[in-house]
Amino acid sequence: MERDDIIQYQEDNELIAIRRNKLEALMAKGLNPFSRKKYQVTHNSKEVKEQFESLDGCEVSIAGRIMAKRGHGKASFCDIMDELGKIQLYVKMDEVGPEAYELFRDLDIGDILGVIGTVFKTHSGEISVKVKTFELLAKSLRPLPEKWHGLQDPDLRYRQRYLDLIMNDKVKETFVTRSRIIKAMRNFLDARGYLEVETPVLQTTAGGAAARPFITHHNALDIDMYLRIATELHLKRLIIGGFEKVYEIGRIFRNEGMDIKHNPEFTTIELYEAYCDYHDMMDLTERLITYIAQEVLGTLKITYQGQEIDLTLPWRRMRMVDAIKEFTGEDFQAVSSDDQARALARRLGVEIKDSDTRGNVINAVFETFVEKHLVQPTFILDYPIEVSPLAKRTDYDPMMTERFELFITGREMANAFSELNDPLDQRQRFIMQAKQRAAGDEEAHMMDEDFVMAMEYGMPPTGGLGIGVDRLVMLFTDSYSIRDVILFPTMRPKTSQ
RNA sequence: GACCCAUUAGCUCAGGCGGUAGAGCACUUGACUUUUAAUCAAGGUGUCCGGGGUUCGAGUCCCCGAUGGGUCACCA
């Protein structure tokens with residue numbers, strides 16, 4: 001749209017036109033509401049309320065957005081909202097003078113206001129500020145959503161998150177909690193001597209997970225590059241380099257479907273500790289998540305979408321084959337051939353391809369029959385090698401790996417291995433993945449020669465752990481959708497009509 | 001990707017069998033110096049998501065498309 005068209009379009013809306021006229025009237029009086037560069041604030045709304053006893057009668061300077069106005073002739077009330085809440089202003093013509101009072105009457109809900117006044121309590125007991133002087137710090141040119149119901153339309157809530165934040169208190173809370181969860185993670189790991197590092201987002205080989213990457217192009221090098229699908233392989237290079245405890249909290253990008261649990265970009269924390277195995281990682285996972293729960297929620301008993309979740313330690317630990325046995329009665333540890341495994345799975349009603357091997361079958365049966373039942377925190381141990389190309393084999397079965405996933409509310413929350421450190425085996429695993437890739441599996445791992453070479457210099461036995469931060473935040477904030485814990489979730493662009 | 005549902009005023013929502021669109025909030029004007037979903041009086045809201053079709057007549061029925069939500073599939 002041309003600029004004139006935009007202006008025309010806005011003026012087509014009566015409510016916007018009225019506000020633009022008010023703006024012009026202010027400008028005509030030489031009062032540009034956008035000229036203020038700063039405003040000295042002495043207190044926020046919460047402080048005024050919490051420290052009322054000592055502030056009663058004192059002068060304070062506060063600022064915020066007008067959320068409601070109640071006029072009473074020559075006096076008015078209005079509510080302004082700052083980051084920590086709302087507080088009522090009382091504006092009397094006798095106090096501010098007739099000219100200023102007229103200006104105040106023309107203010108709109110949504111305007112950003114700075115005021116100086118004295119703290120007092122109204123007859124009905126509401127802690128308020130009696131305004132002496134006020135200043136319009138920014139004019140709002142568009143009407144806010146309805147005050148009582150807030151903004152409900154999910155499309156608008158995600159596209160215009162700022163409106164969601166202004167109108168819906170709980171939303172702000174969720175994102176404050178998200179920040180506190182991440183801070184607690186850092187505190188926990190930093191206190192244990194972990195080093196926080198940053199590894200490349202732009203990569204020439206996207207490794208460390210089974211997922212389709214986003215592809216972009218680097219002009220100067222004239223090469224396609226991938227956005228990372230995991231932080232894993234670079235963090236392990238750092239273990240090879242001699243750091244013994246590292247972690248990264250970072251954005252990951254996967255070119256997959258979107259739903260209630262998946263956003264194309266999301267956040268993980270991965271950590272690696274030399275000379276540890278996956279049992280140590282299980283202990284660490286328990287301590288980390290319960291620490292966060294205590295720090296952020298102050299309890300280990302939480303409710304997620306009506307389900308009671310008890311994080312009290314220790315959490316259940318069971319091998320994948322044993323879990324399958326518990327929920328289906330079938331013992332896949334006793335199954336030795338691929339044919340036998342496929343036949344057994346098909347008897348259970350699981351769709352299996354002829355090319356699927358025993359490990360793929362076990363994984364598919366697990367996902368079909370077990371996952372959804374793992375509501376209380378449960379570690380599932382020992383994953384088939386086919387789906388775990390970066391994990392060490394178990395001692396008891398060379399086709400199983402020392403890998404666990406943590407499930408809570410039937411969802412995967414964490415994934416960890418005794419990291420494979422045998423470069424010869426690692427190369428074989430990549431070759432196996434490359435075959436699957438060649439056969440059309442776009443999510444199979446890419447061969448990463450550079451990573452194998454690094455491993456050839458010698459990598460200590462290492463435990464590694466990855467946690468889906470968004471899902472953890474969902475659990476701790478009782479959020480139904482991943483979009484409720486990501487400030488600006490991915491949205492299809494609105495086409496202009 | 002498949003299926004189901006939704007889309008009506010700035011926002012939250014009603015609109016029976018197809019007869020030309022409503023409420024509340026917000027807004028405008030007026031009254032009101034302790035209200036708080038303030039109150040009282042009066043007033044204007046509109047690309048009924050877009051495009052076709054059926055019909056004398058479509059917000060309503062049919063088809064195509066857009067966006068969102070949900071379920072399933074895949075993934076974390």
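As the structure is a prediction and not an experimental result, all values here were calculated from the model. Sequence lines set the chain letters: A, B, ... in the order given, protein chains first and strands last, and positions in each chain run from 1. Side chains included, hydrogens not; waters and symmetry mates left out as well; all remaining heavy atoms used.
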Undergrad: Rounded off to whole Å, could you give me the CD1-to-C1' distance for the A/I260 and B/C74 pair?
TA: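 After rounding, the reported distance stands at 16 Å.
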Undergrad: Any luck finding a side-chain donor-acceptor pair between A/Y304 and A/R411 under 3.5 Å?
TA: yes
Undergrad: Counting side-chain heavy atoms from C-beta on, which of B/U28, B/G68, B/U12 comes nearest to A/D108?
TA: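 Closest of the options to the side chain of A/D108: B/U28.
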Undergrad: Let me check something: any side-chain donor-acceptor pairs from residues 58-65 of chain A under 3.5 Å, sequence neighbours excluded? List them with distances.
TA:
| unit_1 | atom_1 | unit_2 | atom_2 | d |
| --- | --- | --- | --- | --- |
| A/E59 | OE1 | A/K132 | NZ | 3.2 |
| A/S61 | OG | A/Q40 | O | 2.5 |
| A/R65 | NH1 | A/G110 | O | 2.9 |

Undergrad: For B/C62, does the O4'-C1'-N9-C4 (purine) or O4'-C1'-N1-C2 (pyrimidine) torsion place it in syn, i.e. within 90° of 0, or in anti?
TA: anti
Undergrad: Check every atom of B/A76, B/C27, B/G44 against the side chain of A/E412 and return the nucleotide holding the closest atom.
TA: B/A76
Undergrad: Along nucleotides 31-40 of chain B, 5' to 3', which nucleotides get a B, which get an S, and which get a -, given that the test is a protein heavy-atom distance under 4.0 Å?
TA: -BBBBBBB--
Undergrad: Does A/L151 reach a base, just sugar-phosphate, or nothing at all? Heavy atoms under 4.0 Å.
TA: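 Contact class for A/L151: sugar-phosphate only.
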Undergrad: Do the side-chain N and O atoms of A/E273 and A/Y194 include a donor-acceptor pair separated by under 3.5 angstrom?
TA: yes
Undergrad: Can we call the ring centroids of A/Y90 and A/F77 under 6.0 Å apart?
TA: yes
Undergrad: Mind checking A/A210 for me? I need base, sugar-phosphate or nothing, with any heavy atom below 4.0 Å counting as a touch.
TA: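 Touches sugar-phosphate only.
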Undergrad: Distance check needed: B/C74 C1' versus A/R254 CZ, whole Å only.
TA: 13 Å
Undergrad: So, using salt bridge (Lys or Arg N to Asp or Glu O under 4.0 Å) as the criterion, who are the partners of A/R186 when residues are at least two apart?
TA: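 Per chain and number, A/R186 pairs via salt bridge (Lys or Arg N to Asp or Glu O under 4.0 Å) with A/E196.
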Undergrad: Looking across every strand, which nucleic acid part, if any, lies under 4.0 Å from A/F266 by heavy atom: base, sugar-phosphate, or nothing?
TA: base
Undergrad: Tell me what A/D106 touches on the nucleic acid: a base, only sugar-phosphate, or nothing, going by heavy atoms under 4.0 Å.
TA: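 If one applies the 4.0 Å heavy-atom cut-off, A/D106 turns out to touch nothing in the nucleic acid.
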Undergrad: Classify the side-chain pair A/Y158/A/D484 by whether it contains a donor and acceptor separated by less than 3.5 Å.
TA: yes
Undergrad: Reckon A/L15 touches a base, only the sugar-phosphate, or nothing at all at heavy-atom distances under 4.0 Å?
TA: base
Undergrad: Summarise how protein sits on nucleotides 1-8 of chain B as a single string, 5' to 3': B when a protein heavy atom is under 4.0 Å from the base, S for sugar-phosphate-only contact, - for no contact.
TA: --------
Undergrad: Within residues 372-391 of chain A, find the residues that approach RNA chain B with a heavy atom at under 4.0 Å, and present them sorted by residue number.
TA: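 Correct list: empty, so none.
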Undergrad: As a test of your reading of the structure, name each stem of RNA chain B as range with range, where a stem is three or more consecutive Watson-Crick or G-U pairs at under 3.5 Å.
TA: B:1-7 with B:66-72, B:10-13 with B:22-25, B:27-31 with B:39-43, B:49-53 with B:61-65
Undergrad: So A/M413, base contact, sugar-phosphate only, or nothing? Heavy-atom distance under 4.0 Å.
TA: nothing
